[in-house]
Protein chains: 2
Amino acid sequence: MEKEIQIYREFLKSKNLKLTKPRLTILKAIFRNHEHFNVDNLYEQIRKKQSNVSRATIYRTIPLLLESGLIKLSLRCDSKDIYEHSYGHENHLHFICTNCGSIKEASFIKVEKLINQLAVDANFKITEYHLSARGLCENCRKSTDQ
Amino acid sequence: MEKEIQIYREFLKSKNLKLTKPRLTILKAIFRNHEHFNVDNLYEQIRKKQSNVSRATIYRTIPLLLESGLIKLSLRCDSKDIYEHSYGHENHLHFICTNCGSIKEASFIKVEKLINQLAVDANFKITEYHLSARGLCENCRKSTDQ
DNA sequence: AGGTTTTTGAGAATGATTCGCAAGTGCATA
DNA sequence: TATGCACTTGCGAATCATTCTCAAAAACCT
Ligand SMILES: [Mn+2]
Ligand SMILES: [Mn+2]
Ligand SMILES: [Zn+2]
Ligand SMILES: [Zn+2]
């Protein structure tokens, strides 16, 4: 957590922005665990555990965290953007169950190489990968025998 | 185009739905060319070329086209869902330029194999792939020399 | 044509996200 | 430590994509 705070502090300083209490509260809430999160999650979690922060401030802070590289947009589910840590996390891809909504992560290494080659061929400079597939998870396959 | 209409007609019949004039207008507008499209595009295109169809009807028709397998959700850009043909189109991945918004498609074959294997390992049954990467396209790399 | 069901269009409603602004904070400086 | 000023915040209003409601229109069946 200290490392993330340090990165955040330096990022903010480089933009002439201040590491205020709400901004720190949000950062800590995000890095308290390793789960994917969305604005509502985060808002509820903060409201439960610590000083309140308005939704507006959360919405204003997320772009800063994105730009700093600490988090990234992971995927979109139920009309909501879902984020995850990017600092300290390998790239990975997501298997999203359309029946129960569960998200399973899978290895990225081999896929990344291939896609990088495709990008080279296309003369495209990748900054962010978004790889996912929708379908049925193990449990839901059993229960719906498909 | 005839083939798509046929598929659409049979799909609708199987659901006890009618192939009405607005539904046909929408289908034809979509398959008139091979571009990615969103609701606004489509609405404007229909408004220009043929009889009017309300936005509400477009929004109601898209889920039918998705379910019939004729189109698929391609990606999300500028807070809008973007669709594309899936009937008659190979799976492919998208390189999206964060600078100019252009979308370049790339081959999917090798990537697909790898991801299928990962899905087998995870006991996950894939029904739809969503593979994209954001970054800088060829042109934008030149002009911003990055 | 008449009766029944489905579909449509228009606008209201919704839900996520963004904005505007007055009040509050953080920080530098005296 | 008090003062000044720029940056932030919280609140509610605004926006924007999408969905819903409902009365009128179209399609289908006889
Ligand atoms: Mn993840
Ligand atoms: Mn495409
Ligand atoms: Zn599931
Ligand atoms: Zn570009």
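Only a predicted model underlies this, so the values are computations on that prediction, with no experimental measurement involved. So that the names make sense, note that chain A is the first sequence line, chain B the second, and so on, each numbered from 1. In what follows, every heavy atom counts, from backbone to side chain, and hydrogens, waters and symmetry copies are set aside.
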task: Look only at the side chain of B/Ser68 and the backbone of B/Phe11, and say whether a donor-acceptor pair between them is shorter than 3.5 Å.
output: no
statement: Whole-Å distance, A/Ile46 CD1 to D/dT9 C1', equals 14 Å
Expected rows: protein N/O vs nucleotides 11-16 of chain D N/O, under 3.5 Å:
none

field: Rounded distance (Å) that lies between atom C1' of C/dA16 and atom CG of A/Asn38
entry: 11 Å
- prompt: Is the A/Tyr83-A/His36 ring centre distance short of 6.0 angstrom?
  reply: no
- request: Report the residue (B/Pro22 or B/Asp81) whose heavy-atom-nearest nucleotide on DNA chain D is the more 5′ of the two.
  value: B/Asp81
- line: Ranking D/dC7, C/dA16, C/dG9 by distance to the side chain of A/Leu17, first place goes to D/dC7
query: Does any non-hydrogen side-chain atom of B/Arg76 lie less than 4.5 Å from one of B/Lys80?
result: no
Sequence-distant partners of A/His92, ring pair (Phe, Tyr, Trp, His ring centres under 6.0 Å), two or more places apart: A/His94
What protein N or O atoms touch nucleotides 26-30 of chain C N or O atoms at under 3.5 angstrom, if any, and at what distances?
none

- prompt: Is B/Val120 linked to B/Leu131 within one hydrophobic cluster, defined over Ile, Leu, Val, Met, Phe, Trp and Tyr using a side-chain heavy-atom separation of less than 4.5 Å?
  reply: no
- prompt: Whole-Å distance between D/dT8 P and A/Leu64 CG?
  reply: 8 Å
message: If I take atom CG in residue A/Leu24 and atom P in nucleotide D/dT8, what distance separates them, rounded to the nearest angstrom?
response: 14 Å
task: Rounded to the nearest angstrom, tell me the gap between atom OH in A/Tyr59 and atom P in C/dG20.
output: 18 Å
- request: Determine yes or no for a side-chain-to-main-chain donor-acceptor pair under 3.5 angstrom, with A/Thr57 supplying the side chain and A/Val53 the backbone.
  value: no
- prompt: Looking at A/Glu138 and B/Lys125, does any basic side-chain N land under 4.0 Å from a carboxylate oxygen?
  reply: no
Rounded distance in Å - CD1 (B/Ile62) to P (C/dT8): 13 Å
- request: Take atom CG of B/Asn52 and atom P of C/dT7, then tell me their distance rounded to the nearest Å.
  value: 21 Å
- prompt: Do A/Glu4 side-chain atoms and A/Met1 backbone N/O form a donor-acceptor pair below 3.5 Å?
  reply: yes
- prompt: Hey, does the side chain of A/Arg55 come within less than 4.0 Å of C/dT18's phosphate (OP1/OP2), counting only N and O?
  reply: no
query: Side chains of A/Asp121 and A/Gln117: do they bring a donor and an acceptor to under 3.5 Å?
result: yes
task: Would you mind reading off the distance between B/Arg76 atom CZ and C/dT17 atom P, rounded to a whole angstrom?
output: 9 Å
